[in-house]
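Below is one structure, written out as structure tokens, with a few remarks after it.
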Amino acid sequence: AGTWAKRRAWAGACAAALLLGACARWPLPAPGTQAPMVGHAATSYPALLYVPAGYDHERAGQARRWPLLIFLHGSGERGHDLALVRTHGPPRLVEGQPDYPFILLSPQLESDGDWDVARLDATLALLRQRLRIDADRITLTGLSRGGHGTWRWAAAHPHLFAGIAPIAGRGDPASACALAALPVWAFHGAQDNVVPSSGSSAMVSAITACGG
């Protein structure tokens with residue numbers, strides 16, 4: 001029942017995006033490659049999209065559904081050049097790895113932007129319209145500013161994700177109880193002089209206090 005409710009909710013989100021033109025078609029990457037995904041600039045983020053080598057664009061309906069990993073980059077990769085998103089993390093790792101076993105979505109912020117939950121929702125809805133994604137296997141990770149965004153998006157929609165892995169990100173402990181039922185694997189260097197490690201440890205403590 002929970003999965004059905006999630007799928008209904010996201011079908012509604014994409015229907016709303018269609019009204020805004022955000023679900024327009026764009027060329028899908030060839031299986032085993034990473035390529036730009038561009039939606040409607042007012043409602044969704046441009047992104048790099050990786051499709052696994054085993055994915056068959058021609059099959060539809062009840063064909064295999066694939067797990068999805070979403071990666072949110074840090075401040076240094078903001079801008080209007082999607083090549084910057086390949087600097088760190090999963091979008092760098094998938095280059096030359098056609099056997100990477102899941103779909104990868106890596107959105108990009110504008111030069112002075114911060115991650116907005118509504119635009120992230122619209123970007124994901126756009127992707128789910130085009131690709132066969134397993135709604136029960138969507139995971140989220142992000143680095144620095146993307147770590148902040150990971151905490152924030154997951155707290156807003158904890159039912160959406162199978163798990164999250166925020167890296168060097170600061171969360172809001174007031175939102176921690178929303179994450180109590182969600183698997184969380186948080187990373188933060190103790191000597192981080194940009195985002196203090198207390199930004200992660202405070203969230204871990206707060207989630208634990210809520211029974212997570």
**Request:** Run the numbers on L105 and Y50 for side-chain contact (heavy atoms from CB on, under 4.5 Å), then give the verdict.
**Result:** CA-CA 7 Å; L105 176 67; Y50 169 85; over 6 Å; no
**Message:** side-chain contact (heavy atoms from CB on, under 4.5 Å), that's the test. Do H80 and E110 meet it? Break it down for me.
**Reply:** CA-CA 6 Å; H80 300 284; E110 60 275 15; 4.2 Å; yes
Side-chain contact, heavy-atom cut-off 4.5 Å: [X] with [Y]?
X    : Y    : value
L120 : W115 : yes
L69  : Y100 : yes
D99  : P52  : no
Q34  : P91  : yes
D114 : R145 : yes
T33  : V51  : no
E77  : L109 : no
L124 : L160 : yes

**Asked** Under 3.5 Å, is there a donor-acceptor pair linking the side chains of H188 and S197?
**Response**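 Side chains of H188 and S197: no pair found under 3.5 Å.
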Ignoring hydrogens and angles, tell me if any N or O in the side chain of [X] forms a donor-acceptor pair with the backbone of [Y] under 3.5 Å.
X    : Y    : value
S205 : A202 : no
T43  : A122 : no
T123 : Y45  : yes
T139 : G163 : no
Q129 : A125 : no
R78  : S75  : yes
H148 : R170 : yes
R119 : S44  : yes

**Asked** What residue pairs, at least two apart or across chains, pass salt bridge (charged side-chain N to carboxylate O under 4.0 Å, His left out) with a residue in residues 79-96?
**Response**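 Qualifying pairs: R86-E95.
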Connected via hydrophobic side-chain network under 4.5 Å: [X] and [Y]:
X    : Y    : value
L72  : L179 : yes
Y55  : M37  : yes
L126 : F161 : yes
I70  : L127 : yes
I133 : L140 : yes

**Message:** Quick one, I103 with L49, criterion side-chain contact (heavy atoms from CB on, under 4.5 Å). Give me CA distance, side-chain angles, the key distance, then yes/no.
**Reply:** CA-CA 7 Å; I103 295 166; L49 174 63; 3.8 Å; yes
**Item:** Trace of the salt bridge (Lys or Arg N to Asp or Glu O under 4.0 Å) decision for D134 with R137
**Value:** CA-CA 5 Å; D134 186 340; R137 292 191 293 167; 2.9 Å; yes
**Item:** Separation of L68 CG from L104 CG (nearest 0.5 Å)
**Value:**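 Between atom CG of L104 and atom CG of L68 there are 8.0 Å.
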**Request:** Find the distance between CD1 (I167) and CG (L143) and round it off to the nearest 0.5 Å.
**Result:**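 Between atom CD1 of I167 and atom CG of L143 there are 6.0 Å.
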For [X] versus [Y], what's the shortest heavy-atom pair and its separation?
X    : Y    : result
P90  : T141 : CG-CG2, 4.5 Å
R132 : D56  : NH1-O, 3.0 Å
S144 : G74  : CB-CA, 4.5 Å
A180 : C210 : CB-O, 3.8 Å
A155 : P158 : O-CD, 3.5 Å
L82  : P46  : CD2-C, 4.3 Å

**Item:** Geometric class of the W185/F187 ring pair [parallel <30°, tilted 30-60°, perpendicular >60°]
**Value:**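 Tilted: the ring planes of F187 and W185 meet at 30° to 60°.
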**Prompt:** Are R152 and D172 ion-paired here, with the side-chain N under 4.0 Å from a carboxylate O?
**Reply:**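 Judged by the 4.0 Å cut-off on N to carboxylate O distance, R152 and D172 do not form a salt bridge.
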**Prompt:** For W66, is the NZ or CZ atom of R64 found under 6.0 angstrom from the centre of its six-membered ring and inside 45 degrees of the ring axis?
**Reply:**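 Here R64 passes the 6.0 Å and 45° test against W66.
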**Request:** Quick one: do L131 and R65 satisfy side-chain contact (heavy atoms from CB on, under 4.5 Å)? Show the steps, please.
**Result:** CA-CA 8 Å; L131 295 180; R65 294 191 173 272; over 6 Å; no
